[in-house]
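For reference, the structure is listed below as structure tokens.
Each residue takes its place number in the sequence, starting with 1. Predicted model only: the values in this text are computed from it and were never measured. Just so it is clear, the values below take in all heavy atoms, side chains as well, and ignore hydrogens, waters and symmetry mates.
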Amino acid sequence: MLGNSAIVGMKQVARLENKYLLLKVMKCSNHMTTSASSDRLDSIGRRNRCHNDVITACPRRAHSDVRTKLHTSVSVPAGLNKCSSSRLQTTLATQVTAPTSPGILSRFVSRALGRGTFRYSKNGLRKAAVQTYICCVDEVDKHAFMKLCDMPDTFFSYFLVLQLHLWMCLVRLKPEGEDGRYFSHHLVLAMWHDLNTKARMMGVEGSTLTKSFKEMAEQFHGAVYAYDEGLLSSDKTLASALWRNMFSCHDDVDPQKIETLVGYIRKQVHHMETVPSHQLLTNGGLTWLPLHPGHPS
């Protein structure tokens, strides 16, 4: 038989153990909540990690609302709506040199971070990236998108439609590893080079061009992240991103127009997933579905 003092002692030990277990459970619960939040942030970061390398091709972001003639009165002339394949290929080939071979430390860091080696030559990837950009310029009826979104016929509207299609190309390139990151970087580089050339041909230079491109770079950053989130979540989130970027947050937008654009993006992304990796990374050839089914693009 145990004495009263022993029983009291055992009860105290039991209470202390229960308190310890309760604190442990609470700590574990807090850790799980923090881990869940961290995992979600990591997931969002992974979704956009591909674009971290892509954005290095863009000018620095600015936080000013610049209203220049690129946004108001200048439309892209018909002759500049098409992209000269040979001219762009030649210019980029002379301006973009292949990076030097990585050293031992760089290769070790790449392996530690899970970055594989290239499956295709960098020169071939650069050429395929330029060809993909040319498909975005030549084979998309941008005026049909401007009409759907009630956009004015300006250079900035042209850019908004172009960046939407370029973003869909970046989405397709995300699963392609190191080749996809390198391809994406030069795809965006081709866009900024071509836009700069077109703007100068239209007579926009100096500080006006610099301020406009800073605002366009900011627009590109925000649109890429917003579209990514919408594509990976729900049609409602994607529609919100399109309303902000393509419809300029207008209150009187016809919901049917936003629904048409959401449906187009879903179908086009699915269509691009069927393109074999070898074909994309070597030839860069992509086809675009019509905005309105039953009508030619």
Side-chain angles (χ1 to χ4, degrees), residues 46-58 82-93 95-99 110 114-142 145 159 161-195 220 223-225 227-232 238 261 263-291 296-297:
R46 285 194 299 271
R47 290 205 304 256
N48 299 312
R49 186 171 299 161
C50 174
H51 297 292
N52 290 340
D53 296 329
V54 173
I55 298 305
T56 59
C58 307
K82 298 297 181 180
C83 190
S84 173
S85 174
S86 58
R87 174 179 58 81
L88 192 58
Q89 288 273 18
T90 303
T91 304
L92 290 179
Q95 292 188 353
V96 182
T97 58
S110 296
R115 297 177 180 174
T117 57
F118 287 93
R119 294 173 293 163
Y120 300 92
S121 69
K122 293 182 178 179
N123 184 50
L125 291 171
R126 290 197 301 273
K127 291 181 178 179
V130 172
Q131 187 59 42
T132 299
Y133 175 73
I134 292 172
C135 290
C136 294
V137 174
D138 291 354
E139 299 180 12
V140 175
D141 186 1
K142 296 175 183 60
F145 286 89
F159 165 71
V161 178
L162 177 62
Q163 78 168 1
L164 176 66
H165 290 80
L166 199 79
W167 162 73
M168 286 189 277
C169 294
L170 299 178
V171 170
R172 172 60 185 85
L173 290 164
K174 282 184 179 181
E176 301 300 336
E178 195 73 12
D179 296 270
R181 283 188 286 270
Y182 190 82
F183 192 116
S184 298
H185 174 82
H186 286 277
L187 177 61
V188 176
L189 187 67
M191 179 191 71
W192 289 119
H193 174 82
D194 187 49
L195 290 175
F220 183 78
V224 163
Y225 294 134
Y227 292 155
D228 271 350
E229 183 181 9
L231 184 67
L232 294 175
L238 180 57
L261 198 53
Y264 167 78
I265 291 174
R266 295 289 185 189
K267 292 178 181 178
Q268 180 63 43
V269 169
H270 178 71
H271 171 70
M272 295 170 75
E273 289 176 353
T274 63
V275 178
S277 298
H278 178 75
Q279 175 183 333
L280 176 62
L281 297 176
T282 55
N283 301 325
L286 288 173
T287 57
W288 299 97
L289 299 175
L291 176 60
S297 178

Considering all heavy atoms of both residues, which atom of [X] and which atom of [Y] are nearest to each other, and what is their separation?
{"X": "E139", "Y": "L286", "result": "OE1-O, 3.3 Å"}
{"X": "H271", "Y": "T287", "result": "NE2-OG1, 2.8 Å"}
{"X": "V137", "Y": "K142", "result": "O-NZ, 2.7 Å"}
{"X": "Y133", "Y": "D194", "result": "OH-OD2, 2.7 Å"}

How are the rings of [X] and [Y] set to each other: parallel, tilted or perpendicular (split at 30° and 60°)?
{"X": "W167", "Y": "Y227", "value": "tilted"}
{"X": "F145", "Y": "H165", "value": "perpendicular"}
{"X": "H278", "Y": "Y120", "value": "tilted"}

pair [X]-[Y]: side-chain heavy atoms closer than 4.5 Å:
{"X": "T282", "Y": "L125", "value": "no"}
{"X": "L173", "Y": "L187", "value": "yes"}
{"X": "H186", "Y": "V130", "value": "no"}
{"X": "C169", "Y": "M272", "value": "yes"}
{"X": "L170", "Y": "D228", "value": "no"}
{"X": "L162", "Y": "M191", "value": "yes"}
{"X": "F183", "Y": "T132", "value": "yes"}

Quick one: [atom1] on [X] to [atom2] on [Y], what's the gap to the nearest 0.5 Å?
{"X": "Q131", "Y": "D138", "atom1": "CD", "atom2": "CG", "answer": "8.5 Å"}
{"X": "F118", "Y": "L281", "atom1": "CZ", "atom2": "CG", "answer": "11.0 Å"}
{"X": "S184", "Y": "L189", "atom1": "OG", "atom2": "CG", "answer": "12.0 Å"}
{"X": "R266", "Y": "L261", "atom1": "CZ", "atom2": "CG", "answer": "11.5 Å"}

I'd like to know if the side chain of W288 pairs up with that of D141 as donor and acceptor (distance under 3.5 Å, no hydrogens or angles considered). no
Are the side chain of K127 and the backbone of N283 linked by a donor-acceptor contact shorter than 3.5 Å?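 Answer holds: no.
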Report yes or no: does Q163 contribute a side-chain atom to a donor-acceptor pair with the main-chain N or O of V224 at less than 3.5 Å?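 No, Q163 side chain to V224 backbone: no donor-acceptor pair under 3.5 Å.
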For R172 and V269, what are the C-alpha separation, side-chain angles and deciding distance, and is it a side chain to side chain contact (heavy atoms under 4.5 Å, CB included)? CA-CA 7 Å; R172 172 60 185 85; V269 169; over 6 Å; no
Verdict with reasoning, L164 to I265, per side chain to side chain contact (heavy atoms under 4.5 Å, CB included): CA-CA 9 Å; L164 176 66; I265 291 174; 3.8 Å; yes
Results of salt bridge (Lys or Arg N to Asp or Glu O under 4.0 Å) for R119 - residues two or more places apart only: E176, D179
